[in-house]
Number of protein chains: 2
Amino acid sequence: MTEIPPVLLDEQLCFSIYSASKKFNHFYQSALAPFGLTYPQYIALLALWEDAPLTVHQLGDRLELDSGTLTPLLKRLEKQGWVTRVRSRTDERQVLIHLTAMATTKRDEVYQRIGQCQSLLGMSDQEIQTLMTDLITVKSQLDHVSEQRAIEKKVNAQN
Amino acid sequence: MTEIPPVLLDEQLCFSIYSASKKFNHFYQSALAPFGLTYPQYIALLALWEDAPLTVHQLGDRLELDSGTLTPLLKRLEKQGWVTRVRSRTDERQVLIHLTAMATTKRDEVYQRIGQCQSLLGMSDQEIQTLMTDLITVKSQLDHVSEQRAIEKKVNAQN
DNA sequence: GACAATTTAATTGTATACAATACTATTGAA
DNA sequence: TTCAATAGTATTGTATACAATTAAATTGTC
């Protein structure tokens with residue numbers, strides 16, 4: 001007869017992160033309005049500006065998104081002239097995502113716009129660094145739990 | 001002729017939060033599989049368990065979601081027997097979301113399941129508290145920037 | 001070299017998100 | 001009281017997300 005403690009919304013770390021994530025999304029959507037980019041499209045371009053071309057799979061690893069999300073997103077980026085999607089000649093299963101000349105040209109404009117926006121956050125590099133380190137801890141814990149669950153599931157399936 | 005510093009994905013706070021949010025989503029989706037609940041459905045129930053009934057608008061304020069998201073979500077919760085949607089008799093514009101007997105019965109089961117899962121995170125209350133406080137700072141900064149943008153937009157519109 | 005197993009993208013189906021619009025009920029001001 | 005303004009919800013359209021499936025290409029093994 002143990003009392004079960006209530007789960008209060010405002011005490012949930014998940015909810016803090018969930019709502020912060022949505023706010024960041026709006027923040028960037030608004031900041032990137034002059035370029036017509038959504039937040040997921042923007043991070044796809046960030047990854048590509050660091051290291052293009054990438055296959056859909058490689059980009060997915062980087063952004064933790066699967067082809068079900070990336071394929072339509074990349075088709076939209078292609079339509080808007082940021083990337084090209086080219087089947088690899090050496091392995092026809094792969095699609096290579098290349099940056100267009102326009103994407104290369106506009107890169108610094110985007111970098112600059114984002115740099116300006118980030119300074120609006122009014123946080124020191126130190127503060128941001130600490131927060132990010134903590135988040136990495138949380139994420140690795142979540143990964144660990146997911147892995148455990150996957151193993152349990154596998155073991156159960158064997159019976 | 002100032003050099004524009006690159007924006008590196010792994011240094012972006014937004015991306016840390018974005019991917020942490022997605023991981024939490026999976027974590028809860030998996031933990032709540034026995035109840036057939038998604039993460040957004042779960043937080044809607046959390047809010048209602050704290051204080052039902054709520055109008056769609058009140059629930060939206062609590063979760064920071066609008067009717068475009070909530071209406072279909074609540075219809076699904078209704079279909080699955082967790083809530084009922086009733087037009088207010090005193091103000092026919094409002095729809096009141098009530099919990100069903102089933103939702104009340106299952107509340108403690110869900111609380112217990114979630115409590116167990118959270119302990120898997122292996123973080124102290126202190127650590128979680130600190131992280132949440134920092135996230136609140138970030139969110140209020142983002143709100144502040146959004147407000148500034150809205151004001152600028154308004155002023156521009158007046159010209 | 002044939003062919004089963006694997007890899008890689010794309011597709012399909014379901015569920016958020018949210019801006020913009022529509023629609024109905026209520027309120028408020030002349 | 002009338003009726004314009006407002007409030008509350010639903011709808012529509014676009015864009016993620018992701019599980020599950022499909023389809024095509026490649027690899028490994030004999």
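Residue numbering restarts at 1 for every chain, and letters A, B, ... go by the order of the sequence lines.
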Kindly indicate whether the side chain of A:Leu74, heavy atoms from C-beta on, has any atom under 4.5 Å from the side chain of A:Leu59.
yes
Please report the distance, rounded to the nearest Å, between CD in B:Gln80 and P in C:dA15.
7 Å
For a quick check of understanding: with a heavy-atom distance under 4.0 Å over all strands, which category does A:Leu70 fall into, base, sugar-phosphate or nothing?
nothing
Send over the distance from A:Lys22 NZ to D:dA17 P, rounded to a whole Å.
13 Å
Would you mind reading off the distance between B:Leu96 atom CG and D:dG8 atom C1', rounded to a whole angstrom?
12 Å
Please report the distance, rounded to the nearest Å, between CD1 in B:Ile97 and P in D:dG8.
14 Å
Quick check for you: among C:dC18, C:dA15, D:dT16, whose closest atom lies nearest to any side-chain atom of A:Thr38?
D:dT16
Any B:Lys75 side-chain nitrogen or oxygen under 4.0 Å from OP1 or OP2 of D:dT9:
no
Contact class for B:Gln41 (heavy atom, under 4.0 Å): base, sugar-phosphate, or nothing?
sugar-phosphate
Nearest listed nucleotide, side chain of A:Thr71, among C:dA17, C:dT11, D:dT16
C:dT11
Quick check: does any side chain N or O of A:Arg113 sit under 3.5 Å from a backbone N or O of A:Leu32, one acting as donor and the other as acceptor?
no
Provide, to the nearest angstrom, the distance between the CG atom belonging to B:Asn25 and the P atom belonging to D:dC18.
8 Å
Counting neighbours of NE2 on A:His144 that are heavy atoms of other residues, nucleotides or ligands and sit closer than 6.0 Å, is the number greater than 12?
no
So, applying side chain to side chain contact (heavy atoms under 4.5 Å, CB included) with A:Ile4, which one of B:Gln112, B:Glu109, B:Arg107 is it?
B:Gln112
Heavy-atom check, side chain of A:Phe35 versus side chain of A:Trp82, under 4.5 Å:
yes
Whichever of A:Ile43 and A:Thr90 has its nearest DNA chain D nucleotide further upstream toward 5':
A:Ile43
Identify which nucleotide among D:dA17, D:dT9, C:dT16 has an atom closest to any side-chain atom of B:Tyr18, counting heavy atoms from C-beta outward.
D:dA17
Could you go through residues 117-127 of chain B and list every donor-acceptor pair under 3.5 Å that involves a side-chain atom there, pairing it with any protein atom two or more places apart or in another chain?
from, atom 1, to, atom 2, distance (Å)
B:Gln118, NE2, A:Gln12, OE1, 2.4
B:Gln118, NE2, B:Tyr28, OH, 3.4
B:Ser119, OG, B:Gln116, O, 2.6
B:Ser124, OG, B:Gln126, N, 3.4
B:Ser124, OG, B:Glu127, N, 3.0
B:Ser124, OG, B:Glu127, OE1, 3.4
B:Gln126, OE1, B:Thr130, OG1, 3.3
B:Glu127, OE1, B:Ser124, N, 2.8

Under 4.5 Å between side-chain heavy atoms, hopping through other hydrophobics if needed: is there a path connecting A:Met102 to A:Leu48?
yes
Is there any salt bridge (Lys or Arg N to Asp or Glu O under 4.0 Å) pair reaching into residues 36-53 of chain A, and which pairs are they, with sequence neighbours excluded?
A:Glu50-A:Arg62
For A:Arg89 and for A:Glu64, find the nucleotide of DNA chain D with the closest heavy atom, then tell me which residue's nucleotide is more 5'.
A:Glu64
Given atom CG of A:Leu65 and atom C1' of D:dA15, what is their separation to the nearest angstrom?
13 Å
Distance in angstrom units between A:Leu74 CG and D:dA17 P, rounded:
13 Å
To the side chain of B:Pro40, which of C:dA17, C:dA9, D:dA10 is closest?
C:dA17
Do any side-chain nitrogens or oxygens of A:Arg87 fall under 4.0 Å of OP1 or OP2 in D:dA25?
no
Which of the following nucleotides, C:dA9, D:dA10, D:dT16, is nearest to the side chain of A:Leu73?
D:dT16
Interface polar pairs with nucleotides 19-25 of chain C, N/O, under 3.5 angstrom:
none

Could you tell me how far apart A:Gln29 (CD) and C:dC18 (P) are, to the nearest whole angstrom?
10 Å
C:dT16, OP1 or OP2 - any side-chain N/O from B:Arg76 closer than 4.0 Å?
yes
